[in-house]
Amino acid sequence: YPVVGSQISPSYFVTDDNKTIWFSVFDSQSVQKIDMETFAVVGSYPVNFKVRKLVYNPYNKLIYILTNTPDMYLMDPNDGSITKQITLEVLEGDNKFYPTIYPQTLAFTSSGIGAMVCGSYVSSATSWKMIDSRKNDLVYYHAQKDKNYEYGKIEVNYNRTKLLIKASFSNLLFSFDPVQDVIRDITLPVHGALGAVVPNKKNENLYFIQTKEQYIYNPVNHYLSPLTYMASGNVADFSYRNGEEEIIYAFRDTWLQVLDYRKQRTLIEFPTIGEFYHGKPISTTDGKYLIAFANYTLYRFDTALLSVRN
């Protein structure tokens with residue numbers, strides 16, 4: 001599925017039923033609905049603002065659209081209509097000279113409570129702020145907002161009860177249960193520089209991507225897999241095929257690797273079409289497909305072609 005637009009990472013996600021991909025090129029003014037099986041665009045919804053990120057809220061079943069301004073918009077996936085505009089205002093606790101009112105990333109738990117990383121127009125500082133869709137999308141600071149000033153990413157865990165909040169330039173990583181209001185620091189089990197964390201969508205396992213080391217770690221039962229040592233900057237996701245609970249699909253520059261952490265083996269490694277690290281790979285939870293973006297094109301891999309009999 002070729003697209004026209006910037007090579008900067010686009011935004012896309014797969015619906016829970018694995019039937020649809022919602023997609024938008026960075027800074028475009030259109031959101032597209034793609035059928036998973038036919039891989040054809042079945043809906044195209046123009047908007048009058050530049051789209052930066054698409055985020056699904058399982059609580060109200062709406063798509064939150066982040067822009068290059070303090071404005072967010074809510075889209076109804078049933079017809080692509082914009083149902084609401086939210087403008088981030090300066091809060092008590094914001095720096096009065098460079099308030100962080102530009103949302104950069106967002107994630108919601110199933111409770112309807114989410115968190116955002118917000119940046120400033122005139123500063124590199126970031127902050128994390130809460131958003132409660134149960135209360136008319138109320139935006140506010142958490143009591144522990146000062147844990148760090150260099151936030152970069154927020155992920156949601158497998159059952160959408162917790163958020164994983166990570167700093168950009170340090171190893172600070174913590175889980176946050178917004179309903180119970182419980183924050184737990186997650187200590188890296190392997191010394192190194194943490195770049196990204198990929199949550200498994202079916203269990204508590206996390207895939208840690210460090211500058212030199214990559215591994216699977218479960219912060220609940222403290223399971224730690226063997227390590228691999230690949231080039232830095234790779235992106236990855238879990239396999240969800242039966243019996244492949246510790247298989248990882250990893251993109252390293254122009255290479256795709258299928259890694260078996262249980263057996264400590266690289267099952268497949270081959271060059272692919274372009275630089276897949278520009279887009280976040282997403283494995284469907286039915287185990288059938290792997291979605292990734294590179295070279296201005298969205299790709300769908302059939303995971304049956306990536307399996308190896310051991």
Side-chain angles (χ1 to χ4, degrees), residues 5-13 22-31 45-57 62-75 82-108 113-133 135-156 163-174 176 178 194-197 233 277-280 293:
S6 171
Q7 179 69 347
I8 296 174
S9 299
S11 182
Y12 48 94
F13 68 88
W22 285 90
F23 177 91
S24 183
V25 173
F26 189 86
D27 266 359
S28 71
Q29 292 183 274
S30 177
V31 178
Y45 308 106
V47 294
N48 60 1
F49 49 84
K50 292 183 178 181
V51 178
R52 289 292 177 100
K53 191 171 183 63
L54 306 174
V55 178
Y56 182 68
N57 183 343
L62 297 175
I63 298 172
Y64 284 59
I65 305 177
L66 278 58
T67 69
N68 58 357
T69 74
D71 297 326
M72 295 190 296
Y73 297 85
L74 276 58
M75 175 179 280
I82 299 299
T83 63
K84 184 179 179 181
Q85 176 181 343
I86 303 168
T87 301
L88 268 63
E89 306 287 349
V90 177
L91 300 178
E92 183 178 351
D94 271 318
N95 185 292
K96 63 180 181 180
F97 298 108
Y98 44 90
T100 50
I101 56 174
Y102 289 79
Q104 297 176 348
T105 189
L106 167 67
F108 282 100
I113 306 176
M116 299 180 289
V117 171
C118 299
S120 169
Y121 183 72
V122 294
S123 167
S124 61
T126 58
S127 64
W128 65 287
K129 296 179 179 180
M130 306 302 302
I131 179 169
D132 192 341
S133 60
K135 299 178 180 179
N136 196 31
D137 295 298
L138 174 68
V139 176
Y140 59 97
Y141 269 120
H142 187 268
Q144 295 192 46
K145 72 180 183 68
D146 294 331
K147 281 181 70 69
N148 188 278
Y149 292 98
E150 297 176 341
Y151 290 104
K153 297 178 181 178
I154 303 179
E155 305 283 356
V156 65
L163 299 168
L164 298 170
I165 301 178
K166 183 196 173 299
S168 289
F169 304 111
S170 74
N171 287 343
L172 176 67
L173 173 69
F174 60 92
F176 174 40
L194 180 62
V197 176
Y277 56 79
H278 280 291
K280 179 180 180 179
F293 180 87

Can you measure from [atom1] ([X]) to [atom2] ([Y]) and round to the nearest 0.5 angstrom?
{"X": "Ile63", "Y": "Phe13", "atom1": "CD1", "atom2": "CZ", "answer": "4.0 Å"}
{"X": "Ile131", "Y": "Ile86", "atom1": "CD1", "atom2": "CD1", "answer": "4.5 Å"}
{"X": "Asn48", "Y": "Tyr73", "atom1": "CG", "atom2": "OH", "answer": "6.0 Å"}
{"X": "Lys50", "Y": "Asp71", "atom1": "NZ", "atom2": "CG", "answer": "14.0 Å"}
{"X": "Met116", "Y": "Phe108", "atom1": "CE", "atom2": "CZ", "answer": "8.0 Å"}
{"X": "Ser24", "Y": "Gln29", "atom1": "OG", "atom2": "CD", "answer": "9.5 Å"}

Do [X] and [Y] have side chains that approach each other closer than 4.5 Å (heavy atoms only, starting at C-beta)?
{"X": "His142", "Y": "Phe176", "value": "yes"}
{"X": "Ile154", "Y": "Leu164", "value": "no"}
{"X": "Leu173", "Y": "Ile165", "value": "no"}
{"X": "Asp27", "Y": "Arg52", "value": "yes"}
{"X": "Cys118", "Y": "Tyr151", "value": "no"}

inquiry  = Please check this pair: side chain of Asn95 against backbone of Phe97, looking for a donor-acceptor N/O pair closer than 3.5 Å.
reply    =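 Such a contact is found between Asn95 side chain and Phe97 backbone.
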message = Using only atom types and a distance under 3.5 Å, with no angle test, would you say the side chain of Tyr56 pairs donor to acceptor with the backbone of Ala107?
response =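 Not confirmed, Tyr56 side chain does not pair with Ala107 backbone.
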ask   = So Ser11 and Trp22, side-chain contact (heavy atoms from CB on, under 4.5 Å) or not? Walk me through it.
value = CA-CA 8 Å; Ser11 182; Trp22 285 90; over 6 Å; no
Do you know the tightest heavy-atom contact between [X] and [Y]?
{"X": "Tyr12", "Y": "Lys280", "value": "OH-O, 2.7 Å"}
{"X": "Val25", "Y": "Phe23", "value": "CG2-CE2, 3.7 Å"}
{"X": "Met130", "Y": "Gly114", "value": "CE-O, 3.2 Å"}
{"X": "Gly152", "Y": "Ser168", "value": "CA-OG, 3.0 Å"}
{"X": "Gln85", "Y": "Thr87", "value": "NE2-OG1, 3.6 Å"}
{"X": "Gly195", "Y": "Lys166", "value": "O-CE, 3.5 Å"}

ask   = For Lys145, does the NZ atom have more than 12 heavy-atom neighbours from other residues, nucleotides or ligands under 6.0 Å away?
value =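 Correct, the count exceeds 12.
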From CA spacing to verdict: side chain to side chain donor-acceptor pair (under 3.5 Å), Tyr140, Asp132 = CA-CA 9 Å; Tyr140 59 97; Asp132 192 341; 4.8 Å; no
request  = Take Ile65 and Ile82 through the side-chain contact (heavy atoms from CB on, under 4.5 Å) test and state the conclusion after the steps.
outcome  = CA-CA 10 Å; Ile65 305 177; Ile82 299 299; 4.3 Å; yes
Run the side-chain donor-acceptor check on residues 99-106: report pairs under 3.5 Å with partners two or more places apart or on a different chain.
residue	atom	partner	partner atom	Å
Thr100	OG1	Asp94	OD1	3.2
Thr100	OG1	Ser127	OG	2.6
Thr100	OG1	Tyr141	OH	3.4

query = With a 3.5 Å cut-off and no angle check, do the side chains of Thr69 and Thr67 form a donor-acceptor pair?
reply =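 Side-chain D/A pair, Thr69 to Thr67: present.
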ask   = Can Val51 and Val31 be said to form a side-chain contact (heavy atoms from CB on, under 4.5 Å), step by step?
value = CA-CA 8 Å; Val51 178; Val31 178; 4.2 Å; yes
request  = Take Lys84 and Asp137 through the test side-chain contact (heavy atoms from CB on, under 4.5 Å) and record every step on the way to the result.
outcome  = CA-CA 10 Å; Lys84 184 179 179 181; Asp137 295 298; 2.7 Å; yes
request  = Would you kindly check if the NZ (Lys) or CZ (Arg) of Lys147 is within the cone defined by 45 degrees around the ring axis of Phe174 and under 6.0 Å from the six-membered ring centre?
outcome  =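 Yes, a cation-pi geometry holds between Lys147 and Phe174.
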task = Test Glu89 against Lys129 for salt bridge (charged side-chain N to carboxylate O under 4.0 Å, His left out), laying out the working first.
result = CA-CA 12 Å; Glu89 306 287 349; Lys129 296 179 179 180; over 6 Å; no
